[in-house]
2 protein chains.
Amino acid sequence: MQFTKAEEYGMLGVLYLSEKTPGSITPLSEIAEAKAIPEKFLAKIFQSLSRATIVRSHRGVRGGFSLAKDPKEVTVKEVLESIHGPYHLIKCTNNADICEKAEYCSLRELLSIAERKLIQIFEDHTLAELVEWEKAKQSVS
Amino acid sequence: MQFTKAEEYGMLGVLYLSEKTPGSITPLSEIAEAKAIPEKFLAKIFQSLSRATIVRSHRGVRGGFSLAKDPKEVTVKEVLESIHGPYHLIKCTNNADICEKAEYCSLRELLSIAERKLIQIFEDHTLAELVEWEKAKQSVS
DNA sequence: GTCGCTATGCAGTTTACAAAAGCTGAAGAA
DNA sequence: TTCTTCAGCTTTTGTAAACTGCATAGCGAC
C-alpha cells in the first residue's frame with residue numbers, strides 16, 4: 001500500500017515543469033539532476049506522460065519536454081493514472097470474476113469506498129495548486 | 001498502491017471468526033480451508049494479530065483462535081495496522097529526514113491528506129459492521 | 001548534407017520484497 | 001505419554017519494481 005517510485009518521480013517531474021515559464025522546454029537531464037532521479041527511468045515515465053498528452057516532447061538540440069496543458073487544467077489523478085493505469089486497492093475491485101463470492105465480500109465493499117475517496121482527492125487537486133502550496137510554504141519560512 | 005495478501009488474509013480470517021458464536025475456538029486449518037489461504041502463511045499473520053490481542057490463541061487438542069474482543073469494538077484499522085504497522089503512502093510522510101526539502105514538498109503534503117482520509121475510513125468501520133453488510137447482501141439475493 | 005543532441009523503444013538486468021513452505025520446538029488437553 | 005495445535009525461526013520461491021544499455025529516429029545547428 002505505497003506509492004511507487006515511478007509515480008513519485010513522475011509527479012516531481014511534472015511539478016518541476018509546472019514551475020517553469022509556460023511553454024518553455026526542459027531536457028530530462030536537467031530534471032533528473034535537479035530531483036536526483038535516474039535519467040533513463042525518468043525517460044520511461046515521461047514517455048507515458050507524453051502519450052497521455054500531459055507533456056509534449058521535443059527532439060534534437062535544445063529539445064526536451066514542456067507541459068502540454070495549463071497546470072491549472074491537470075489533476076494529480078491524471079498524472080498518476082497515465083503512469084500506472086487505473087487504481088485498484090485490491091484486485092477484485094476491478095474484476096469480480098477473480099473471487100467467486102465477490103458479491104458477498106464486505107471487504108471488497110469497504111475497499112471500494114476507500115478507493116473512491118482516494119481517487120477523489122487526487123482528482124480534486126491540480127498541479128497549479130501544488131505549486132502554490134510549495135510557494136506558500138517557502139515564503140513563510 | 002495495493003493491499004497485500006497478508007492484509008487481505010488477515011481481514012478474511014478475523015471476519016471468519018467474527019461470524020462464529022462469540023468465544024468459540026477455531027483452528028487455523030479450518031479458516032485456511034474455508035477461505036483458501038495457505039495455512040502457514042495465515043499462521044504467521046495470526047501471530048501478529050495475537051500479539052496485538054485482537055485474537056487469542058489456544059494451544060493443544062481442540063485449540064485454535066478466538067476473537068479477543070467484541071467485533072463491535074475492533075476497527076478495520078486496528079487489524080490492518082497489527083499486520084503491517086502504521087500506514088504510509090510514501091516513505092517521507094513518516095520520516096522527514098529522508099528527503100531534505102520535505103518541508104517544501106507539496107507532494108508530501110497531498111499524500112498526507114490522502115493518508116489521513118484512508119486511515120479514517122478504516123477507523124470508522126468495525127468488524128461487526130462488515131459482517132452486517134455481508135448478511136444484508138446475502139439476504140437480498 | 002552531416003554532426004551532435006535529445007527523445008523513442010525495446011530488451012535486458014538487478015534488486016527488493018511479498019508470498020509461501022519447511023522445520024524444530026513448546027504448550028496444552030486427553 | 002501422546003497427539004494436536006500454535007510459536008518462531010529459516011529458507012525458498014515468485015514476481016514486480018527499479019534501473020540499465022543499446023540501437024534507432026527525429027530535429028536543430030552549422
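Reminder, nothing fancy here: chain letters follow the sequence lines and each chain counts from 1.
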On the side chain of Arg59(B), is there an atom forming a donor-acceptor pair with the base of dA26(C) - under 3.5 Å, no angle test?
yes
Between [X] ([atom1]) and [N] ([atom2]), how many Å, whole number?
X: Phe41(B); N: dG22(C); atom1: CZ; atom2: P; result: 15 Å
X: Gln47(A); N: dT6(C); atom1: CD; atom2: C1'; result: 12 Å
X: Leu49(A); N: dT8(C); atom1: CG; atom2: C1'; result: 15 Å
X: Leu28(A); N: dT8(C); atom1: CG; atom2: C1'; result: 11 Å
X: Ile83(B); N: dA19(C); atom1: CD1; atom2: P; result: 11 Å
X: Ile25(B); N: dG28(C); atom1: CD1; atom2: P; result: 12 Å
X: Lys5(B); N: dA21(C); atom1: NZ; atom2: P; result: 13 Å
X: Glu8(B); N: dA18(C); atom1: CD; atom2: C1'; result: 13 Å

Are Glu134(B) and Arg108(A) within salt-bridge range, i.e. N to O under 4.0 Å?
no
Touch class at under 4.0 angstrom, heavy-atom based, for Arg56(B) against every strand present:
nothing
Would you mind classifying the nucleic acid contact of Phe65(B) as base, sugar-phosphate or nothing, using non-hydrogen atoms under 4.0 angstrom?
sugar-phosphate
Show the nearest heavy-atom pair for residues Ile54(A) and Ser82(A), with the distance to one decimal.
CD1-OG, 3.1 Å
By nearest-nucleotide position on DNA chain D, the 5'-leaning member of Lys44(A) and Val61(A) is Lys44(A)
Side chain of Lys40(B), heavy atoms from C-beta onward: which of dA19(C), dC23(C), dA7(C) has the nearest atom to it?
dC23(C)
Side-chain N or O of Tyr9(B) less than 4.0 angstrom from OP1 or OP2 on dA19(C)?
no
Please tell me if Ser57(A) has a side-chain N or O lying less than 4.0 Å from either OP1 or OP2 of dT8(C).
yes
Considering only heavy atoms of chain B and a distance under 4.0 Å, specify the first and last nucleotide of DNA chain D in 5' to 3' order that meet this criterion.
dC3(D) to dG8(D)
To the closest 0.5 Å, what do you measure between NZ (Lys35(A)) and CD (Glu8(A))?
10.5 Å
If you measure only the distance, is there a donor-acceptor pair under 3.5 Å linking the side chains of Thr75(A) and His125(A)?
no
Glu33(A) atom CD, over 12 foreign heavy atoms within 6.0 Å:
no
Main-chain N/O of Asp70(A) paired to Glu73(A) side chain as donor or acceptor, under 3.5 Å:
no
Backbone of Thr4(B) reached by a side-chain donor or acceptor of Glu7(B) within 3.5 Å
yes
